[in-house]
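Note that the structure is a prediction, hence the values are computed from the model and not measured. Along the sequence shown, residues carry numbers from 1. Order of listing sets the numbers, starting from 1, for every ligand and every atom in it.
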Amino acid sequence: MGSKLKAGIIPAACGGSHYNGLMLHTLPLTALPSWQEQLADLITDPVELLQLLQIDAVRAGYDPAALRSFPLRVTRCYAARMQVGNTDDPLLRQVLPHQLELQSDASLHTDPLAEQQALVAPGILHKYRGRVLLIATQSCAIHCRYCFRRHFPYQDNRLSREEWRSSLAYIAGDSSIDEVILSGGDPLALGNAYLASLLGLLEEIPHVRRVRIHTRLPVVLPDRIDDGLLQLLTKTRLQVVLVVHANHAQEFDAAVVSACRRLGTAGVHLLNQSVLLAGINDDVDTLGDLSEQLFAAGVLPYYLHLPDRVAGTGHFAVSAAAAAALHADLQGRLPGYLVPRLVREDPGATSKTWI
Ligand SMILES: *Cc1c(COP(=O)(O)O)cnc(C)c1O
Ligand code: SF4
C-alpha cells in the first residue's frame, strides 16, 4: 500500500456512498487496493482509530489493558461507517478495547461452551447431529469485543492439505454428517486457492451435501466477495449456505449490499446471525431496522444469540427475560420471516436452545 492510502482512513475501494467524511476523494482509480491489501492494512492502534473519529480516548472508555488481552483489528472500510464524534457509535463499540472488559465476574469463563471437549480431530468440532464445524483459520479481519472465541487456543498455523485430509477422515467415517460448517476465525480470510482445495476435499465425501460458511467478511470487507470466490461457490456440487454476521443496520453500505447480492446471484443461500448486545442493538427499533436492511440485501435473519458467558464481555449481557420481551416486540412489528430465532448456546446441549 502506498503512503498516500495510509494517510487517509478510507481506501476508495470501500465504496463511497455515506462515509464519514474521512475518505480520500483524490485517489486515481488505479490505486484501489485489493482485499488482500486492505486486510494487510487494518487499523490496529486504538489511538489512530479514535483520532480519525475525533473521539477522546477517556470519554470513549478505551483501556490499554483491554487491548493487551485481545488486540484491536478493524478494516478501514468498516471504520468508515462509524460516526465521527460519537463515543457510543454501535460499530465502534463492537471493536474498541473498553475498560468494562476488565471487570471480573466469576460466572464468566474462557471456554464457556466447552468447545475443547467437542474437538474430535485437529480443526473439527462435533457437537450436534448431522453437522460439524471446521476451524478453518484462526484469523479474522475484525476483532469483535464480544467474541466467544477470544480465549480459544487456536493453533497458530492453518492446517495443510494433508492435515485436513487426515482430519476429514472423521467426517468420511460418519455418514450421518451431511453438512460441514466453515468457521474460525473467519474462513473467508483464507484465499480462494486454499478454500478451493478444502472444498475439493469435502466434495470427495459422498454424504456431505451442504457447506455452510460463517463469516463477517461480506460486512467488514465486502471486496472479499470477488469473482474467484463466486466462481468457486457456483461450481461446487455442494449446496452453499452463507451466514453473515451483522449486528446493526449501520454496518450496511452500498458495497456490503452489493457483495450480498452477488452471493445471492451465485446461488448462495444467505442467512444472518446477530448477537444481542447491550447498548449496541438491544432495542426493538434497531433490531427491526437490521431485519429490514438484511432483507433489502437478500439476506434472511436466522439467529439472534444471547451473548455467551465469556470473560471480558459481561458489559454486553442482556438478560434472557429482557431478550424475550424484546423478541416479542419484534414479532409484533415484522413479518414472521424477518424475525430471527432467539437462541442461547448451552454447553452440552444437543442444539442451540430456543428462548
Ligand atoms: C452453532 C453450532 C453449529 C450450528 O448449529 P445450527 O443450529 O445448525 O446453526 C454446529 N456446530 C457447532 C459446534 C456449533 O457451535
Ligand atoms: S469475526 Fe467472528 S470469530 Fe472473529 S472476532 Fe468477530 S465474532 Fe470472533
Going from CD1 on Ile225 to CG on Leu217, what distance comes out if it is rounded to the nearest 0.5 angstrom? 7.0 Å
For atom CZ of Phe70, is the number of surrounding heavy atoms from other residues, nucleotides or ligands below 6.0 Å larger than 12? yes
Decide if atom CD of Gln239 counts as having more than 12 heavy atoms of other residues, nucleotides or ligands within a radius under 6.0 Å. no
If the plane angle is over 60° it's perpendicular, under 30° parallel, otherwise tilted; pick one for His315 and His98. parallel
Taking 4.0 angstrom as the limit and counting only heavy atoms of Ile181, give me the atoms of ligand 1 inside it, by number and element. 3 (C), 4 (C), 10 (C)
Say whether Val256 and Leu294 are linked into one hydrophobic cluster, either directly or through other cluster members, by side-chain heavy-atom distances under 4.5 angstrom. yes
Report the part of Glu179 in contact with ligand 1, treating N, CA, C, O as backbone and CB onward as side chain, heavy atoms under 4.0 Å; options are side chain, backbone, both, neither. neither
For the 3.5 Å polar cut-off, considering only N or O atoms, please tell me whether Arg131 and ligand 1 meet it. yes
Closer than 4.0 Å to some heavy atom of Tyr302 - which atoms of ligand 1 meet that? 6 (P), 7 (O), 8 (O), 9 (O)
Proximity of Val132 to ligand 1 by residue part, where a heavy atom lies under 4.0 Å: neither
Heavy atoms only, cut-off 4.0 Å: how does Cys144 contact ligand 2, side chain, backbone, both, or neither? both
Candidate pair Asp186 and Arg216, rule side-chain contact (heavy atoms from CB on, under 4.5 Å), full reasoning: CA-CA 7 Å; Asp186 197 310; Arg216 224 154 131 61; 3.7 Å; yes
Ligand 1-proximal atoms of Glu345, by part, heavy-atom distance under 4.0 Å: side chain
I'd like to check whether Tyr128 has a polar contact with ligand 1, where a contact means an N/O of the residue lying under 3.5 Å from an N/O of the ligand. no
Look at the aromatic rings of Tyr146 and Phe316 and report parallel, tilted or perpendicular, splitting at 30° and 60°. perpendicular
For a distance under 2.8 Å, tell me if Cys147 has an N/O/S atom near atom 8 (Fe) of ligand 2. yes
Heavy-atom distances under 4.0 Å decide this one: backbone, side chain, both or neither, for Arg212 against ligand 1? side chain
Please identify which of these residues, Leu134, Val241, Leu195, Leu199, meets the side chain to side chain contact (heavy atoms under 4.5 Å, CB included) condition with Val211. Leu199
Counting from 1 in the order shown, the ligand 1 atoms closer than 4.0 Å to a non-hydrogen atom of Lys352 are 1 (C), 2 (C), 3 (C), 5 (O), 7 (O), 14 (C), 15 (O)
